[in-house]
Structures are given as C-alpha cells and as structure tokens.
*Asks:* 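First the structure, then my questions, so here it is.
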Amino acid sequence: MSVVEQGVQCEPLVELSRFRGVFYDCLTGRRDALFELTDAVLCTDGPVKTLVGLALAPEHRRGHGALYGALNRGRLDVDRLRTALVGLPLPRAAGGRLVLAVDVSPWLRPDAATSDARSFCHTYGRGDAKHQMIPGWPYAWIVALESGRTSWVAPLDVVRLRPGDDLAAVTAAQLRDLVERLIAADQCSPGEPSVLIVADAGYDVMRLAYLLRDLPVEILGRLRSDRVMRRPAPTRAEFALANPAGGRPPKHGSEFIFKDSRTWGAPDAETKSETTRYGTAHAQSWDRLHPELQGRAAWRDHPGQLPIIEGTVIRLQVDHLPSGGDPKPLWLWWSRPAAGSAETDLAWQAFLRRFDIEHFFRMIKQTLGWTAPRLREAEAADRWTWLITAAYTQLRLARSLATDLRRPWEKPAEPNRLTPARVRRGFRHLHGRTSTPAAVPKPSRPGPGRPAGSKNRRSANRYEVGLLLATGESYRRPAHHKVGTKPRRTG
C-alpha cells in the first residue's frame, strides 16, 4: 500500500552535528540563548507545558530572563534556515518523486487582546460546537511525507498568515520559493518526476495549479461532494454535426455533477484494491474535467479571458473506516489532465499519506509545546515556531540513533520505527555526542527592575481581531457572506 520509500541517508550522527552547526549560524542575534532554548525543548522530561519551565533544564544554562529576551529580541536568518532544511536527505516516492503536503494549523490566542495580527481561525471539536472561529495566529506549513504508516514528516517551510491574506496566493508564493530552493539544492532535476503537492479541501487546488503552472509540480487535492465540473467543449466538427442550424460554439462541455451519478458517464479508469484498514477500495477517474470559473472572488481582477484548468477527477469509495464511521465517497482533483489505472491508485494512496501531517501537528503542540507560550508579539511567535521546526528536524535526523526508553506498558519497537516522542525521550543521551557551539554564559547580576510600589506607565496597545487587513484596509464583510445573498444551485 505504501507509495513512499525512504531516500538514502548519510551518516546520521555526522548529519545531525552538521545541521546543529548550520542552525547555530542561522541565529544572528542572541544565538546562544536561542540555541540552548532549542536544546531544552529536546531534552526536558515530559511534554513542554510552560516556556519558563524550560529554564530549569540542565541544557539551558541561562536564566529565565535570557529565555524571554531571546524570543522577544533575538534574530533568526529564516532564508538560510530554509536552505538548510531543503539540503537535508528527504524522503522520496516511488520513482524518486517528492510528495509534499500543505496545511494550516492555528496557534489559538483568544484572550491576547494586546497581540497584533490575530485572525479568526477555524477550529473543530471545542465544546458542544463542532465548528468555531477563535482568534489566533494561523500558520501555513509545508512538509515532505515519509514512508508507509508512520507519524514522521520532514518540515520544510512555515509562514504565518496575516489578517486578510489570500490563502491560495500565499501558499503559491510559499511553494514557488520552496520548489526553487529544491531545484537549487539538486533535489529536483530535469527528467525526474514532478513534485506532487497534496492539499485538503480548504485549498483552491485549481487556482494553485494555475498559479504554479510554470513549475515542475502537480497538485492533488480533495473537493467538496457538492461540486460541479465541466467536460471539454466539443470541437467545431462535433458542434456542427450536433447543430446543423449553426450557432455559437459553447466554451464548456456538459456538466459533471458529483451528487448526480447520471451525469458521470463511463470512467476513463477504474480499479479495485484490497486494503487492511479500509477493506475494498474502489477508485474511478474521469479525465479532462475543469471548473466553470466566474469573474468574481479571486478571479475578479483576472486580465483577459478566464482560463480552462483541466484535470483528472477521482472518486474513492471504501467498505469501512477504521473508526467505524460511515464511509462517504472521497472526491479528488489532480492537475494531471489524464491518468491511467496505475496512476489513479498512486494518486489516492498519496492523498491518504497526507494525514501524517496531523500527527506532526499533534506532536509539536502536545509534546514540543509549540502553542504553549503566551507571547505577545507575533514576531516572537515566528521565532519560536522556527525553533520548534529546527528541534523536530533534529529528532528526525536522530531517529536511527536514539535508544528506545519505553515505558513498561508500551510495546517494543524496532530502532528505526520509533515515534518522534520516543526519539525525544532518549535525545538527552545523544546531546553529549553532538556538537554544542553555544558559548558558556558569562556571570552577571540581574537588573534593578521596576522600583517597588511603582506602576506601569506604558500601557500596552489593544488590537481588534482581523479588523485591519494586511493591506492596511479595514475589514468589510463581503456581500455574499450576508444572510440570503449566497448563490445556490437550483438546477
């Protein structure tokens, strides 16, 4: 079932030490404190619950004041760190293809009224309401997927979304920069398979494919089950044969309605596969289907005629789900115009590997404490996010070196099959074998601080959530978001 196979890696300890040295060079301001803070995240016992608790770790030789000062006033060369991440050994798919997954994960800050650049983040499962919009900082992540059933990924890039940002435009710029870095690092060469980018239903995959049409990438994403696609327009000869009286040739062909099986027709490819978790997986694909774009929303200012973005639509139906829920059909759109039976199977299997990024989010939030600090400035949150990314990368490089310090109730695992949390449990034993370029702290005395009994005369500014957009304009609710104005399909 697996479509990903691990690439050839260098000596693990040498590669880990080299990356630690490069990461230290990327820290250009208060580097020693930031580097030791990252080591404290890796070596502290148990999950990271508070930021100040990391100052008690033996690997953090400085006081808690240096910890906060480094996050608030430190400096990090993000471009250099991005280049270092793409230069590491990356997992490859069958045939040497890179499979990247994109997704957005929020850092919720509902009570941080003095924090700027907060947006309303869509969340699930908080209390009785399954869908809620909570203030926070949304971050767009890009990771390379690992092999088989695993919780490992290779994080390559992360960007914080500002209020009013266009998710498709930001993701396209983020992917373009990453693919160019991959080409410069010889991770993508001419003649190799295109990079496969997998996205969930929250992304406009057709627009992503159009924005990245000049790069060696293919977009694969999930679609809503109420979508309507169009077949290719008939040729002039076909139109003249069907309409002897003449007329204007149509721009689009007949409709392909996901909820109406009468409009599907015979699939261009159809496969059935036996799986261990889902039973029989029945996949069908239809070639050269495109959406009928309208001159509104993201395409309102598009110059000239709206494009025809053709791709392959895949419908996947399984017998049962591991959770016991109702197995609804899964609809996918692939930017490749046509796909055979073998390619269709590879596509839906690669999409199922996308859910490994959810394990990554759970790991960095619940164990590494990505969203644990209560930072005021968004820039400090960005620095902490990159420290967490560097810490997770070190765990990935040390996965074959760590000793399994399992709990009595845990099952034994093979040395190279440890989860990220179990690798972190033994990272302290590896810390002494790797390079530690951070300098020893100099003895100093704490500052006088605020005089006793005095009040803070510099009150912090308070910001509304998402009312000031990234362009500097005030937020206005779109007309199609008001009650009774949403266009609906009637036919």
Side-chain angles (χ1 to χ4, degrees), residues 14-44 48 51-52 54-55 57 59-88 107 115-117 137 139-142 154-162 170 173-174 176-178 180-182 184-185 364 368-370 372-373 375-398 427 431 434-444 447:
V14 175
E15 192 69 32
L16 175 60
S17 299
R18 183 185 298 115
F19 177 77
R20 287 171 61 86
V22 173
F23 171 60
Y24 181 77
D25 295 336
C26 296
L27 306 174
T28 58
R30 307 200 182 193
R31 56 171 57 181
D32 296 328
L34 291 174
F35 190 86
E36 290 189 355
L37 177 59
T38 308
D39 281 349
V41 172
L42 290 169
C43 299
T44 190
V48 177
L51 187 60
V52 69
L54 297 175
E59 290 75 16
H60 191 274
R61 298 173 291 182
R62 290 162 172 80
H64 63 277
L67 183 148
Y68 284 99
L71 284 180
N72 293 326
R73 297 294 177 262
R75 293 190 301 275
L76 175 66
D77 191 348
V78 176
D79 291 338
R80 186 172 182 180
L81 183 55
R82 286 188 174 118
T83 303
L85 292 175
V86 300
L88 296 174
W107 182 341
S115 296
D116 193 11
W137 292 315
Y139 281 85
W141 292 82
I142 302 179
L156 299 178
D157 196 17
V158 57
V159 171
R160 174 171 51 86
L161 300 175
R162 300 178 298 171
V170 173
Q174 189 182 9
R176 179 176 296 276
D177 179 72
L178 176 59
E180 291 175 354
R181 292 179 187 274
L182 290 172
I364 63 176
L368 300 184
W370 173 42
L375 301 174
R376 173 184 295 180
E377 298 180 359
E379 292 75 14
D382 295 342
R383 298 186 193 97
W384 174 249
T385 301
W386 280 108
L387 294 187
I388 294 297
T389 303
Y392 185 92
T393 302
Q394 294 182 54
L395 292 178
R396 187 175 69 89
L397 297 176
F427 192 86
H431 183 262
T434 59
S435 60
T436 305
V440 178
K442 299 179 181 179
S444 60

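These numbers come from the heavy atoms of this one structure, side chains and all, not from hydrogens, waters or symmetry mates.
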*Asks:* Looking at every heavy atom in both L76 and T28, which two are closest together, and how far apart are they?
*Replies:*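 Taking L76 first and T28 second, the nearest heavy atoms are N-OG1, 3.9 Å.
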*Asks:* Can you confirm whether T83 sits close enough to V22 that some side-chain heavy atom of one is under 4.5 Å from a side-chain heavy atom of the other?
*Replies:*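 No, too far: nothing below the 4.5 Å cut-off.
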*Asks:* Using 0.5 Å steps for rounding, measure from the CG atom of L37 to the OH atom of Y68.
*Replies:*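 One gets 10.0 Å once the value is rounded to the nearest 0.5 Å.
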*Asks:* With rounding to the nearest 0.5 Å, note down the distance linking OG1 in T38 to CD in Q394.
*Replies:*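 The OG1 atom of T38 sits 7.0 Å away from the CD atom of Q394.
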*Asks:* What distance do L368 atom CG and Y392 atom OH have between them, rounded to the nearest 0.5 Å?
*Replies:*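 That separation rounds to 9.0 Å.
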*Asks:* Identify, with sequence neighbours excluded, every residue that meets side chain to side chain donor-acceptor pair (under 3.5 Å) alongside E379.
*Replies:*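 None.
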*Asks:* Nearest 0.5 Å please: distance from the CG atom of D77 over to the CG atom of D25.
*Replies:*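 Answer for the CG-CG pair, D77 versus D25, is 10.0 Å.
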*Asks:* Please report whether the ring centroid of W137 lies less than 6.0 Å from that of W384.
*Replies:*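 Aromatic pair excluded; centres sit 6.0 Å or further apart.
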*Asks:* Apply side chain to side chain contact (heavy atoms under 4.5 Å, CB included) to R73 and list each qualifying residue two or more places apart in sequence or on a separate chain.
*Replies:*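 Partners of R73 by the side chain to side chain contact (heavy atoms under 4.5 Å, CB included) criterion, ordered by chain and then number, come out as R30, E377.
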*Asks:* Do you know which two heavy atoms are closest between R82 and V158, and how far apart they sit?
*Replies:*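 Of all heavy-atom pairs spanning R82 and V158, the closest is NH2-O, 3.6 Å.
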*Asks:* Hey, does the side chain of R80 reach the backbone of C26 with a donor-acceptor pair shorter than 3.5 angstrom?
*Replies:*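 Checking the backbone N and O of C26 against the side chain of R80, no donor-acceptor pair under 3.5 Å is found.
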*Asks:* Looking at side-chain heavy atoms only, is the closest gap between P373 and W107 below 4.5 Å?
*Replies:*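 They are in contact (side-chain heavy atoms under 4.5 Å apart), so the answer is yes.
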*Asks:* Among residues at least two apart in sequence or on other chains, which ones pass salt bridge (charged side-chain N to carboxylate O under 4.0 Å, His left out) with R383?
*Replies:*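 Applying salt bridge (charged side-chain N to carboxylate O under 4.0 Å, His left out) to R383 gives none.
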*Asks:* Of all the heavy-atom pairs spanning A40 and E59, show the shortest one and how long it is.
*Replies:*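 Taking A40 first and E59 second, the nearest heavy atoms are N-CB, 4.4 Å.
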*Asks:* Side chains of L71 and L34: closer than 4.5 Å at any heavy-atom pair?
*Replies:*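 Side-chain contact under 4.5 Å: yes.
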*Asks:* I'd like to know if the side chain of R396 reaches the main chain of A154, judged simply by a donor and an acceptor atom lying under 3.5 Å from each other, with no hydrogens or angles considered.
*Replies:*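 No, the answer is negative, given that no donor and acceptor are paired below the 3.5 Å cut-off.
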*Asks:* Distance from L395 atom CG to L16 atom CG, nearest 0.5 Å?
*Replies:*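 The CG atom of L16 is 9.5 Å from CG of L395, to the nearest 0.5 Å.
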*Asks:* List for me each residue that meets side chain to side chain contact (heavy atoms under 4.5 Å, CB included) alongside H64, sequence neighbours excluded, and say none if there are none.
*Replies:*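 Partners of H64 by the side chain to side chain contact (heavy atoms under 4.5 Å, CB included) criterion, ordered by chain and then number, come out as V52, A55.
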*Asks:* I'd like to know whether F19 forms a side chain to side chain contact (heavy atoms under 4.5 Å, CB included) with T434, so could you lay out the CA-CA distance, the side-chain angles of the two residues, the decisive distance to 0.1 Å, and finally the verdict.
*Replies:* CA-CA 10 Å; F19 177 77; T434 59; over 6 Å; no
*Asks:* With sequence neighbours left out, what residues match F427 under ring pair (Phe, Tyr, Trp, His ring centres under 6.0 Å)?
*Replies:*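 Testing F427 for ring pair (Phe, Tyr, Trp, His ring centres under 6.0 Å), a comparison that skips the adjacent residues, returns none.
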*Asks:* I need the minimum non-hydrogen distance between A140 and Q174, along with the two atoms involved.
*Replies:*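 Result for this residue pair: O-NE2, 3.1 Å.
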*Asks:* Where the side chain of E15 meets the backbone of L88, is there a donor-acceptor pair that is under 3.5 Å apart?
*Replies:*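 No; zero donor-acceptor contacts below 3.5 Å.
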*Asks:* Rounded to the nearest 0.5 Å, what separates atom CG in L67 from atom CD in E36?
*Replies:*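 L67 CG to E36 CD: 10.5 Å, rounded to 0.5 Å.
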*Asks:* My understanding is that only residues two or more places apart in sequence, or in another chain, count here; which of them pass side chain to side chain donor-acceptor pair (under 3.5 Å) with D177?
*Replies:*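 Testing D177 for side chain to side chain donor-acceptor pair (under 3.5 Å), a comparison that skips the adjacent residues, returns R181.
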*Asks:* Decide yes or no for D32 and Y24: does some side-chain heavy atom of the first lie under 4.5 Å from some side-chain heavy atom of the second?
*Replies:*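 Side chain of D32 against side chain of Y24, heavy atoms only: contact under 4.5 Å found.
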*Asks:* Looking at every non-hydrogen atom in both residues, tell me the closest pair between S435 and G21 and how far apart they are.
*Replies:*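 Here S435 and G21 meet closest at OG-N, 4.5 Å.
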*Asks:* Can you give me the closest heavy-atom contact between H60 and L54, atom names plus distance?
*Replies:*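 Reported closest heavy-atom pair: CB-O, 3.5 Å.
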*Asks:* Do L85 and D157 have side chains that get closer than 4.5 Å, going by heavy atoms?
*Replies:*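 They are not in side-chain contact.
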*Asks:* Excluding sequence neighbours, so at least two apart, what forms side chain to side chain contact (heavy atoms under 4.5 Å, CB included) with A173?
*Replies:*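 Checked A173 against side chain to side chain contact (heavy atoms under 4.5 Å, CB included); zero matches.
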*Asks:* Are the side chains of L387 and F23 in contact, using a 4.5 Å heavy-atom criterion?
*Replies:*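 F23 vs L387: side chains touch.
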*Asks:* Tell me, please, which residues at least two apart from D382 pass side chain to side chain donor-acceptor pair (under 3.5 Å).
*Replies:*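 Checked D382 against side chain to side chain donor-acceptor pair (under 3.5 Å); matches are Y139, R160.
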*Asks:* Can you name the residues that form a side chain to side chain contact (heavy atoms under 4.5 Å, CB included) with A66, not counting sequence neighbours?
*Replies:*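 Partners of A66 by the side chain to side chain contact (heavy atoms under 4.5 Å, CB included) criterion, ordered by chain and then number, come out as R62.
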*Asks:* Got a sec, which residues hit side chain to side chain donor-acceptor pair (under 3.5 Å) with T44, two or more places apart in sequence or on another chain?
*Replies:*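 For T44 there are no side chain to side chain donor-acceptor pair (under 3.5 Å) partners, ignoring immediate neighbours.
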*Asks:* R376: what forms a salt bridge (charged side-chain N to carboxylate O under 4.0 Å, His left out) with it, not counting sequence neighbours?
*Replies:*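 With neighbours one apart ignored, the set is empty.
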